[in-house]
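Scroll down for the structure; my scribbles are underneath it.
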Amino acid sequence: MIKVKDKTFKVLIGSFEIEQRVKDIAAAINKEYENKNPLFLGVLNGAFLFLADLFKHITIPCEIGFIRVASYRGLQSDGNIKNIIGLAEDLAGRHIIVVEDIVDTGVTATYLFEEIEKQQPSSLRMATLLFKPAALKKPIHPDYVGFKIEPAFVIGYGLDYDGQGRNLNDIYVLNET
Ligand code: 5GP
């Protein structure tokens, strides 16, 4: 059990298990993307550790970039308007693998896919460390999934609670009791 700010968390997935899954995903990508020079697009901040570890096990020619999804309240009354920061404009004809920390409702992933598709990449897939299928609100199917988890709040291995906890090596879940 650990405490981060005002909340307590317990271990959900240990670092050894994470390491093994990351290696499995890298092995699948090495096989499927040989001779395709894939471009990994990591979604900051949460995916930075997952992508760094994944990237170390990629043995085929490849490239890497980072993007960030900003949400802000727009002038319209219908809520959050998002935009992508750092998205390159030369994605046409490329094989893109978007790397996320977690897919929860799928809203972020759907938005990212729509924006990237506009540039007509040759292929577009998603790798996510964590996936909460029960929380999904969009018809999205991540292609590479580290772990499917229950829809509870998690931190560690890149994921934060109010800015903290990203440096934890294991993944922790909020202790509700
Ligand atoms: P979605 O758009 O799929 O609902 O949410 C995606 C983003 O919400 C993730 O990239 C992450 O930043 C945040 N998020 C969703 N669930 C969790 C969670 O359990 N823990 C943390 N730390 N962030 C989460």
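Hydrogens, waters and symmetry mates are skipped; everything else that's a heavy atom, side chains included, is used. Order of listing sets the numbers, starting from 1, for every ligand and every atom in it.
In this structure, Glu63 places its CD atom where more than 12 heavy-atom neighbours from other residues, nucleotides or ligands lie under 6.0 Å away.
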Evaluation steps, side-chain contact (heavy atoms from CB on, under 4.5 Å), between Met126 and Glu100: CA-CA 7 Å; Met126 168 163 295; Glu100 272 269 29; 3.9 Å; yes
Intermediate values then yes/no, salt bridge (Lys or Arg N to Asp or Glu O under 4.0 Å), Lys31 and Glu34: CA-CA 6 Å; Lys31 219 168 164 182; Glu34 213 182 345; over 6 Å; no
Stepwise side-chain contact (heavy atoms from CB on, under 4.5 Å) check, Val98 with Leu124: CA-CA 8 Å; Val98 172; Leu124 178 55; 3.9 Å; yes
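Below 30°, between 30° and 60°, or above 60°: for Phe153 and Tyr161 the angle between ring planes is above 60°, a perpendicular geometry.
Remark: the Asp53 side chain and the Tyr157 side chain contain an N/O donor-acceptor pair separated by less than 3.5 Å.
Enumerated by chain and number, the residues approaching ligand 1 to less than 4.0 Å through a heavy atom are Glu100, Asp101, Ile102, Val103, Asp104, Thr105, Gly106, Val107, Thr108, Lys132, Ala152, Phe153, Val154, Leu159, Asp160.
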